[in-house]
Amino acid sequence: MRILVVNDDGIEAPGIRKLAELARQFGEVTVAAPKHQCSGMSHRITVDAGLEIARVDFPVEGVEAYSIDGTPADCVKVAISNIMKEKPDIVFSGINRGYNIGYDILYSGTVGAAMEALMHGVPAIAYSQDDTADYAVVEKYFGELTEILLKQKIGETQIWNVNFPNCAPEEVKGTLYDRIPAKLEFYHERFDLEQMDENLYMANIVHKKKKTAPEGTDAEALLSHYISVSKLNSIV
């Protein structure tokens with residue numbers, strides 16, 4: 001199996017290194033990731049500039065890796081059309097630093113990259129975890145869960161969206177499928193205004209995580225220490 005691994009946190013992010021390492025059990029891995037941090041870029045692409053592509057050393061044996069000075073979606077486009085000799089069989093996106101659940105899915109470059117894969121006829125799985133989590137839960141459950149998803153049927157206009165809970169591996173209660181995206185921003189943001197001078201203000205972002213969520217949703221599953229799996233639909 002040919003696997004393209006991408007992300008939105010950048011080529012240096014520990015999450016993509018972990019994903020590439022874990023993905024090797026399923027096949028041949030190629031990494032193509034943004035040169036810089038690209039969180040919150042959704043499905044943005046570059047339309048008015050060239051893209052620098054650099055082959056880079058990568059700390060996972062047997063993995064060919066490229067840094068691309070563009071967005072997550074750019075990385076998928078360039079990798080499929082110009083880097084990989086053959087089209088990948090699947091795209092793995094992540095492991096994102098921060099859940100991609102609820103309304104936050106709409107902002108996600110991780111999900112945007114996975115959706116770009118669909119446009120090229122390639123299935124995709126997006127993987128995420130909380131921004132303060134280590135990779136213990138991922139390491140324990142990634143292989144078994146991914147094997148299950150690879151065998152499941154999914155629509156041609158759908159991707160799998162997987163989120164791992166922020167708890168110890170022994171505290172994981174199981175996996176909940178077909179979770180509904182919660183109608184909330186899990187990483188609730190507000191702005192504190194600071195007046196700089198008579199005509200200038202600075203809007204400082206204040207982050208606060210939700211502690212409760214509606215029943216049956218992705219956020220509620222994670223808060224209850226379940227792995228959350230959802231199918232996300234492309235809008236076209």
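Scope of the values below: all heavy atoms of this structure, side chains included, with no hydrogens, waters or symmetry mates.
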Inset, instruction - State the CD-CD1 distance between Gln129 and Ile227, to the nearest 0.5 angstrom. - result: 11.0 Å

Legend entry - Ile11 and Lys35, any side-chain heavy atoms less than 4.5 Å apart: no

Inset, instruction - For the residue pair Phe191 and Asn204, establish whether any side-chain heavy-atom pair is separated by less than 4.5 Å. - result: no

Inset, instruction - Can you establish whether the number of heavy atoms outside Asp57 located under 6.0 Å from its atom CG is more than 12? - result: no

Inset, instruction - Given side chain to side chain contact (heavy atoms under 4.5 Å, CB included), test Val5 with Asn7 step by step and report yes or no. - result: CA-CA 7 Å; Val5 170; Asn7 77 343; over 6 Å; no

Legend entry - Separation between CD1 of Ile53 and CD1 of Ile83, rounded to the nearest 0.5 Å: 5.0 Å

Inset, instruction - Search all heavy atoms of Leu184 against all heavy atoms of Thr212 and return the closest pair with its distance. - result: CD2-O, 4.2 Å

Legend entry - In one Ile/Leu/Val/Met/Phe/Trp/Tyr side-chain cluster, 4.5 Å: Val29, Leu145: yes

Legend entry - For the student: nearest non-hydrogen atoms of Val6 and Ala32, plus distance: CG1-O, 3.2 Å

Inset, instruction - Say whether, by atom type as modelled, one donor and one acceptor occur between the side chain of Glu215 and the main chain of Glu220 under 3.5 angstrom. - result: no

Inset, instruction - Give me the ring orientation class for Phe26 and Phe92: parallel if the planes are under 30° apart, tilted from 30 to 60°, perpendicular past 60°. - result: perpendicular

Legend entry - Sidechain-backbone polar pair: Lys87 side chain, His120 backbone, donor-acceptor under 3.5 Å: yes

Legend entry - Under 3.5 Å donor-acceptor, Ser234 side chain and Val236 backbone: yes

Inset, instruction - Determine whether more than 12 heavy atoms belonging to other residues, nucleotides or ligands lie under 6.0 Å from atom CD of Glu61. - result: no

Legend entry - Glu156, CD atom: more than 12 neighbouring heavy atoms under 6.0 Å: no

Inset, instruction - Give, for atom CG of Asp192 and atom CE of Met202, the distance between the pair rounded to the nearest 0.5 Å. - result: 13.0 Å

Inset, instruction - Please answer whether the main-chain N or O of Ala136 pairs with a side-chain N or O of Glu139 as donor and acceptor at a distance below 3.5 Å. - result: no

Inset, instruction - Indicate yes or no: at least one non-hydrogen side-chain atom of Trp160 is less than 4.5 angstrom from one of Gln152. - result: yes

Inset, instruction - Could you pull out the closest heavy-atom pair between Pro34 and Thr71, with the gap in Å? - result: CG-C, 4.2 Å

Legend entry - Leu150-Val91 co-clustered via ILVMFWY side chain contacts under 4.5 Å: no

Inset, instruction - Kindly work out whether a path of hydrophobic side-chain contacts (I/L/V/M/F/W/Y, heavy atoms less than 4.5 Å apart) joins Ile154 to Ile125. - result: yes

Inset, instruction - Inspect the contact between Arg17 and Glu21 and indicate whether a charged nitrogen and a carboxylate oxygen are less than 4.0 angstrom apart. - result: no

Inset, instruction - Verify, without hydrogens or angle tests, whether Asn161 (side chain) and Ile101 (backbone) share a donor-acceptor contact under 3.5 angstrom. - result: no

Inset, instruction - Would you give the length of the straight line joining atom CE of Met119 to atom CD1 of Ile80, rounded to the nearest 0.5 angstrom? - result: 10.0 Å

Legend entry - Lys183 vs Tyr103, side chain to side chain contact (heavy atoms under 4.5 Å, CB included): CA-CA, chis, key distance, verdict: CA-CA 6 Å; Lys183 295 186 182 300; Tyr103 290 150; 3.4 Å; yes

Inset, instruction - Go through the side-chain N and O atoms of Tyr187 and Asp130 and say whether any donor and acceptor fall under 3.5 Å apart. - result: yes

Legend entry - Check: Asp74/Thr46 side-chain N/O donor and acceptor closer than 3.5 Å: yes

Inset, instruction - Indicate if Val31 and Ile95 have the same hydrophobic cluster label, given that clusters are the connected sets of ILVMFWY residues with side-chain heavy-atom separations under 4.5 angstrom. - result: yes

Legend entry - Smallest separation among heavy atoms of Gly27 and Ile3, with atom names: N-CD1, 3.8 Å

Legend entry - Flag, side chain of Thr30 to backbone of Leu4, donor-acceptor distance under 3.5 Å: no

Legend entry - Gap between atom CG of Leu22 and atom OG1 of Thr146 - 0.5 Å precision: 8.0 Å

Inset, instruction - Output yes when a side-chain donor or acceptor of Asn163 lies under 3.5 Å from a complementary backbone atom of Asn100, and no otherwise. - result: yes

Inset, instruction - Assess the side chains of Ser228 and Tyr99: does a donor N or O sit below 3.5 Å from an acceptor N or O? - result: no

Inset, instruction - For Arg44, look at atom CZ and say whether over 12 heavy atoms of other residues, nucleotides or ligands are found less than 6.0 Å away. - result: no

Legend entry - Contact check, side chains of Ile148 and Thr175, non-hydrogen atoms, under 4.5 Å: no

Inset, instruction - State, without any angle test, whether Ser39 and Asp9 hold a side-chain donor-acceptor pair at a distance under 3.5 Å. - result: yes

Legend entry - Heavy-atom pair with the smallest gap, counting every atom of Ser108 and Val111: OG-N, 2.9 Å

Inset, instruction - May I ask you to check whether Thr132 and Asn166 show a side-chain donor-acceptor distance below 3.5 Å? - result: yes

Inset, instruction - Assess whether atom CD of Glu144 is packed by more than 12 heavy atoms of other residues, nucleotides or ligands within 6.0 Å. - result: no

Inset, instruction - Spell out, as yes or no, whether a donor-acceptor pair under 3.5 Å connects the side chain of Ser230 to the backbone of Arg179. - result: yes

Legend entry - Closest contact, heavy atoms only, Ser128 versus Asn96: OG-CB, 3.4 Å

Inset, instruction - May I ask whether Val63 and Val76 are part of the same hydrophobic cluster, defined by side-chain heavy atoms of I, L, V, M, F, W, Y residues being less than 4.5 angstrom apart, directly or through others? - result: no

Inset, instruction - Please test Val172 against Cys167 for side chain to side chain contact (heavy atoms under 4.5 Å, CB included), starting from the C-alpha separation and ending with a verdict. - result: CA-CA 7 Å; Val172 176; Cys167 61; 3.8 Å; yes

Inset, instruction - Quick one: pull up CE in Met115 and CD in Gln158 and give me the separation to the nearest 0.5 Å. - result: 8.5 Å

Inset, instruction - Please test Thr110 against Tyr127 for side chain to side chain contact (heavy atoms under 4.5 Å, CB included), starting from the C-alpha separation and ending with a verdict. - result: CA-CA 8 Å; Thr110 304; Tyr127 299 93; over 6 Å; no

